[in-house]
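Below is one structure, written out as structure tokens; the observations come after it.
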Amino acid sequence: MMTPRHRAALIGCGDISAVHLAGILACGSELVALCDTDPARLAAAAPALTAIERVSDHRALLGRDDVDVVHVVTPHDQHVPVALDFIGQRTPVLIEKPLAASLAEAERLVAATASAGARVGVTYQNRYNATSRAAKELITSGRFGRVTQALGRVLWHRTADYYRARPWRGTWDGSGGGVLINQAIHTIDLVQWLVGDVVDATGMWGTYGLADTIEVEDTATVAMTHASGVRSVLLATNLNPTNDPPMIEIALEGGTLRLGHELVITAADGTTETITESRTATGARSYWGASHGDLIADFHRDLTGEFWINPAEAYKSLWILKQVLGR
Ligand SMILES: NC(=O)c1ccc[n+]([C@@H]2O[C@H](COP(=O)([O-])OP(=O)(O)OC[C@H]3O[C@@H](n4cnc5c(N)ncnc54)[C@H](O)[C@@H]3O)[C@@H](O)[C@H]2O)c1
């Protein structure tokens, strides 16, 4: 029998948990325990794994020498309280985005990670897309000179039922925001990763179509100033009639990049080059992207040392959107 790479526990058995389970198994690791505070979700998760240990309190998994790595896949306000317990004992933790529901909690997590010297990762899987990596390489290479301008668009469709099914998603306390923190944060992260650190952010937000159901914003604009002085703008709404692939357009001195479903590189002389994803996500939730497995495999490859998308790195996108929301 093959020795599993690592023994993992999965905390939070909701919508995205199956993607984590698939990623854990695909990279050769083993699932040793599931945890959910909701008994029905706990019982229904991973039905094929009938013998797997199931616990209702993550603290039952502390101090165990058969848990090498933990995935925290809970609502936003439950990322930090759960993760801190494992970070305190230096168990590697992979946390779903965003880092936290609030900046204060996020700062606690950044500080705890640094002082424990723990391996903590945050799931910005779209950085692993072939198109994102090609855009990053092209910008870093200097082939087209410096970035002069950028724009991001997240035009998605979320109904009142999406929020009614998981009430935390529509509340300030549970989620820390709406379309910005839950959907557009991936694109905010990519814009700041590609164009550079953001030193100032402002914007507008409102709840225009879902105010009967949610407290948080369904639509927002973000205006960012990067350390280089470049300005970028992002538009985000959950009121689009369909789920469009998120789009980032970047102008450089010698060409433009359109990063969407594919990456279209246009040189100043009009010649174009197109990079496509080697594999595309399918199904109703294809807008999540297809790179979760790559990020999980990278996190599990070696559980010693720092992960490159660590809390300090994940803090950046949260900081940007919190400047816009003001709370
Ligand atoms: N990276 C992505 O593309 C992506 C996509 C979807 C969701 N997410 C993120 O994944 C996380 C979960 O989202 P979801 O849609 O699966 O939510 P969900 O509500 O469907 O699932 C969360 C589960 O966590 C459980 N839970 C709550 N508090 C807990 C605690 N203290 N201990 C153990 N279990 C607890 C709930 O009972 C629920 O079953 C969120 O952070 C979300 O933003 C990321």
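Whatever order the structure lists them in is the order used to number ligands and atoms, beginning at 1. Scope of the values below: all heavy atoms of this structure, side chains included, with no hydrogens, waters or symmetry mates. By convention here, the first residue in the shown sequence is residue 1.
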How does I11 reach ligand 1, if at all, at less than 4.0 Å between non-hydrogen atoms: by side chain, backbone, both, or neither?
-> side chain
Interfacing atoms of ligand 1 (cut-off 4.0 Å, heavy-atom, R166) = 18 (P), 19 (O), 20 (O)
Among V72, V73, T37, whose heavy atom sits nearest atom 30 (C) of ligand 1?
-> T37
Does some non-hydrogen atom of W168 fall short of 4.0 Å from ligand 1?
-> yes
Taking only non-hydrogen atoms of Q125 and a 4.0 Å limit, the atoms of ligand 1 in range are 1 (N), 2 (C), 3 (O)
Taking the six-membered ring of F299, is the NZ or CZ of R119 close enough (under 6.0 Å from the centre) and on axis enough (within 45°)?
-> yes
Contact (N/O only, under 3.5 Å) between V82 and ligand 1 | no
For H76, counting its heavy atoms only, list the atoms of ligand 1 lying under 4.0 Å from any of them.
-> 40 (C), 41 (O), 42 (C), 43 (O)
Under-4.0 Å salt bridge between E30 and R5 | no
For atom 36 (C) of ligand 1, which candidate among V19, D36, T123 holds the nearest heavy atom?
-> D36
Quick one: list whatever passes salt bridge (charged side-chain N to carboxylate O under 4.0 Å, His left out) with D302, sequence neighbours left out.
-> none
Evaluate the side-chain proximity of V110 to L99: yes if any heavy-atom separation is below 4.5 Å, no if none is.
-> yes
Do any nitrogen or oxygen atoms of K97 lie less than 3.5 angstrom from nitrogen or oxygen atoms of ligand 1?
-> yes
Ligand 1 contact on N182 by region, counting heavy-atom pairs under 4.0 Å = side chain
Does a salt bridge link E253 with R143, judged by any charged N lying under 4.0 Å from a carboxylate O?
-> no
Look at ligand 1 and say whether P75 reaches it with a heavy atom at a distance under 4.0 Å.
-> yes
Do NZ/NE/NH1/NH2 and the carboxylate oxygens of D197 and K316 come within less than 4.0 Å?
-> yes
For atom 40 (C) of ligand 1, state which one of I185, I95, T74, V122 supplies the nearest heavy atom.
-> T74
Assess whether salt bridge (charged side-chain N to carboxylate O under 4.0 Å, His left out) is satisfied between R258 and E273, documenting all intermediate values.
-> CA-CA 11 Å; R258 281 175 63 85; E273 187 186 329; over 6 Å; no
R158 side chain to N243 side chain, donor-acceptor N/O pair below 3.5 angstrom = yes
Donor on one side chain, acceptor on other, S291 and N129, under 3.5 Å = yes
Would you mind listing which atoms of ligand 1 come within a distance below 4.0 Å of any non-hydrogen atom of D38?
-> 37 (O)
Please state whether Q78 comes within less than 4.0 angstrom of ligand 1, counting heavy atoms only.
-> yes
